[in-house]
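Take a look at the structure set out below.
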Amino acid sequence: MSGLRDRLARHLKPGKAAAAPEAGAEQRQAELTPEQAQPGAAEGGGQAAGPLSEPAAGAVAGLADSRPASGQEGEPVASGESAVSGVSTSAPAEGAHGYAGHTVSGSPADTRPASGQAGEPVAPAAPVPAHPEAAAWAKLGAELYEFPAGSFVRRICTYPMDAYHGRYRLDALHEHVGELGAFHPEAGPVHAEGLLFFDTETTGLGVGAGNVAFLVGIGYYEAGGFVVEQLFIRHPAEERAMLAYLEEKMERFTHVVSYNGRTFDWPILQNRFILNRMRPDIDRLLHLDLLHPSRSLWKHSMPSVRLGKVEEAQLGYAREDDVSGAFAPELYVLYLAEGNTDVLRGVFVHNERDIVSLAALSALITRYLADEEPLEPKSPGDLFRLGQWLLKMNRLPSAEKILELGFTRLLEQQEKGHTVSGDLLLRYAAYYKKAGVRDRAVELWTRLIRQAGPAAAAPVEAYIELAMHYEHGCKDYPLALELSREALDVLRQRRRLLRRSEKAADEERRIAHRIERLLRKLRGSGKPAPGSGASAKSADSSGLPKPAKPPGQARSAKPSGKLRPAYAADSLFDVSGNSG
């Protein structure tokens with residue numbers, strides 16, 4: 001097991017937070033309670049304990065040695081101190097919920113009310129563990145839970161509604177939770193209390209029968225707080241009891257909220273029910289997989305849409321020294337081999353963060369659906385992806401407004417001389433073509449050709465789309481023929497630089513066929529082919545608005561007998577000899 005310890009030591013750097021305190025300033029601000037987060041609160045110099053605060057320092061305690069977790073190096077943990085949350089905690093008793101992070105689970109004997117200040121931790125009475133193993137789990141804020149079907153380990157954390165996770169309060173979801181009905185419009189209304197946030201840690205990455213969910217995390221809103229329950233099996237014999245408890249727990253919920261759960265976590269859970277000869281009615285639960293809207297919104301603007309990356313970029317919550325979920329199977333094997341609960345501390349913290357992040361991310365998604373999220377900092381690309389996603393979610397007025405704003409910003413960037421992504425211009429043009437706003441689509445295709453200029457070839461798609469527009473929409477066959485020849489020339493020049501592919505050859509055949517068809521139409525109408533005075537007149541009278549040329553871009557001289565369309569920039573290639 002020393003190899004695993006070495007890899008984790010390289011993965012986690014406990015001194016990171018102390019060495020660079022300013023790097024997590026936004027995260028620490030997000031972890032403060034509303035009172036502590038007021039302007040000027042940070043000037044006092046005090047460090048407030050927030051949700052999931054300080055889990056990293058002891059995230060994998062026990063891997064390098066077997067010493068118990070401690071508040072300071074070399075000091076024993078006081079009774080009831082949580083090695084996971086970094087605040088006072090104790091093993092939860094049946095039906096008792098306290099606070100973890102801000103406030104933690106407590107025993108039935110602890111009947112003192114919470115402090116009047118929001119987010120202030122409750123100091124519960126320290127329980128007396130029944131036996132040494134219970135004491136080991138109590139260090140993680142967990143308990144050995146007895147259920148009629150058997151026993152397993154359970155850990156409960158309750159967050160107050162005014163707790164922050166990044167930039168969002170946990171109660172922010174309640175304001176627009178009804179907007180989640182857009183994911184299943186045929187179903188009834190959505191309520192926050194009917195959402196079950198769900199994530200698992202498994203022994204492998206597949207969904208086959210051999211993959212076991214050894215830790216199941218669930219979160220839900222209850223009695224003015226957000227509750228996170230983590231169900232852990234110490235060995236396979238406890239799986240049936242844990243599943244029976246989970247089946248009973250899921251009865252009051254209507255929706256499951258996950259991140260990639262539709263294709264991974266949920267099928268694994270269904271398999272485990274079947275293998276244990278249990279058939280609960282869990283298929284009635286509607287699934288809200290937040291991975292799919294995250295891909296639609298941020299796939300092209302972020303290097304990765306893993307939940308941890310989305311947290312940092314979109315929620316403002318940066319994990320420090322987090323134990324990656326990829327290590328969870330090996331840490332579970334290490335626990336089975338040594339029986340040391342300390343090695344699981346980082347796994348519990350990672351799973352807890354995932355559950356809380358699902359609630360905060362759900363709040364952000366509802367704000368987009370309700371048209372409440374500010375759009376000022378968003379780029380034309382971000383606005384296009386948001387608008388397209390809202391169209392898919394049937395939020396037509398919001399989508400049209402956002403796409404209009406994106407189109408305006410796109411043109412502003414070009415007028416300032418900035419180079420705009422050709423792919424983005426094509427995407428906006430395709431949207432307006434589908435919406436029937438042909439003038440804007442033509443303008444964008446034209447701008448794309450002009451933007452390429454003589455220094456590079458414009459995408460073939462722009463030439464083809466304009467050729468189709470002038471052939472079928474304007475009946476301007478000479479102009480359509482000229483555009484088709486440009487497209488064929490660009491494609492042939494690309495073929496010389498890149499490896500020949502069947503797709504490119506097929507596209508070349510289609511363009512050649514278009515050119516032949518246009519030549520036949522010109523012969524049948526008695527109109528001259530491009531290169532004559534009539535062609536120039538046709539180009540000049542096409543009616544296409546001529547976009548402003550970028551500063552410093554001049555037309556290059558064209559060979560005799562070859563006239564350029566009035567709207568288009570010069571091509572990099574000489575195609576005067578190309579007749580199709």
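These values consider heavy atoms only, across backbone and side chains, with no hydrogens, waters or symmetry-generated copies.
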Minimum-distance pair of heavy atoms, taken over all atoms of [X] and [Y]:
X: Arg409; Y: Pro380; value: CB-CG, 3.9 Å
X: Ala313; Y: Arg167; value: O-NH2, 3.8 Å
X: Ser484; Y: Leu518; value: OG-CD1, 3.6 Å
X: Leu243; Y: Arg272; value: CD1-O, 3.7 Å
X: Pro267; Y: Gly261; value: CD-O, 3.4 Å
X: Gly387; Y: Ala399; value: O-CB, 3.4 Å

Can you list every pair that meets ring pair (Phe, Tyr, Trp, His ring centres under 6.0 Å) and has a residue in residues 363-413, with sequence neighbours left out?
->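 Sorted result for residues 363-413: Phe384-Tyr428, Phe407-Tyr432.
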
Taking side chain as C-beta onward, heavy atoms only, is [X] less than 4.5 Å from [Y]?
X: Val216; Y: Phe198; value: yes
X: Asp199; Y: Tyr259; value: no
X: Val305; Y: Leu297; value: no
X: Ser296; Y: Arg385; value: no
X: Leu286; Y: His255; value: yes
X: Glu201; Y: Phe214; value: yes
X: Val442; Y: Leu466; value: yes
X: Thr366; Y: Leu173; value: yes

Chi angles and distances behind the salt bridge (Lys or Arg N to Asp or Glu O under 4.0 Å) call for Asp489, Arg492 | CA-CA 5 Å; Asp489 185 70; Arg492 286 175 174 174; over 6 Å; no

Look at the side chain of [X] and the backbone N and O of [Y], then say whether any donor-acceptor pair between them is shorter than 3.5 Å.
X: Asn211; Y: Gly204; result: yes
X: Asp289; Y: Arg262; result: yes
X: Thr200; Y: Asp265; result: no
X: Ser324; Y: Ala326; result: yes
X: His350; Y: Val323; result: yes

List the steps, then state whether side-chain contact (heavy atoms from CB on, under 4.5 Å) holds for Leu180 with Leu288.
-> CA-CA 8 Å; Leu180 293 176; Leu288 305 178; 4.1 Å; yes

Partners meeting side-chain hydrogen bond (donor to acceptor under 3.5 Å, both in side chains) with [X] (sequence neighbours left out):
X: Ser301; answer: none
X: Asn260; answer: Thr263
X: Asp171; answer: Arg169

Salt bridge (Lys or Arg N to Asp or Glu O under 4.0 Å) against [X], all qualifying residues, sequence neighbours excluded:
X: Arg438; result: none
X: Asp281; result: none
X: Glu404; result: Arg440
X: Glu471; result: Arg514, Arg517, Lys521

Residues forming a ring pair (Phe, Tyr, Trp, His ring centres under 6.0 Å) with His174, sequence neighbours excluded = Tyr221

Which residues satisfy the ring pair (Phe, Tyr, Trp, His ring centres under 6.0 Å) test with His300, sequence neighbours excluded?
->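 None.
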
How would you list all residue pairs meeting side chain to side chain donor-acceptor pair (under 3.5 Å) that involve residues 178-196, not counting sequence neighbours?
-> Glu179-Arg395

Residues [X], [Y]: salt bridge by 4.0 Å N-O rule:
X: Arg447; Y: Glu415; value: yes
X: Arg367; Y: Glu372; value: no
X: Arg319; Y: Glu312; value: no

So, is the end of the Arg252 side chain (NZ or CZ) under 6.0 Å from the ring centre of Tyr220 and within 45° of the ring's axis?
-> yes

What distance do [X] atom [atom1] and [Y] atom [atom2] have between them, rounded to the nearest 0.5 Å?
X: Leu383; Y: Leu403; atom1: CG; atom2: CG; answer: 8.0 Å
X: Leu290; Y: Phe183; atom1: CG; atom2: CZ; answer: 6.5 Å
X: Lys299; Y: Leu291; atom1: NZ; atom2: CG; answer: 10.0 Å
X: Leu425; Y: Leu444; atom1: CG; atom2: CG; answer: 6.0 Å
X: Glu482; Y: Ile515; atom1: CD; atom2: CD1; answer: 10.0 Å
X: Ile282; Y: Gln270; atom1: CD1; atom2: CD; answer: 5.0 Å

Return each pair, listed once, that meets salt bridge (Lys or Arg N to Asp or Glu O under 4.0 Å) where at least one residue sits in residues 423-432; pairs must be two or more places apart or across chains.
->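 Pairs touching residues 423-432 that pass the test: Asp423-Arg427.
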
Start with the C-alpha distance between Leu361 and Ser294, add both sets of side-chain angles, then the distance that settles side-chain contact (heavy atoms from CB on, under 4.5 Å), and finish with yes or no.
-> CA-CA 9 Å; Leu361 183 57; Ser294 297; 4.0 Å; yes

Could you give me the CA-CA distance, side-chain angles and deciding distance for Tyr431 and Leu391, then say whether side-chain contact (heavy atoms from CB on, under 4.5 Å) is met?
-> CA-CA 11 Å; Tyr431 160 70; Leu391 283 176; 3.8 Å; yes

Pair Asp371-Lys401, side-chain contact (heavy atoms from CB on, under 4.5 Å): steps then yes or no | CA-CA 10 Å; Asp371 200 18; Lys401 181 188 74 173; 2.5 Å; yes

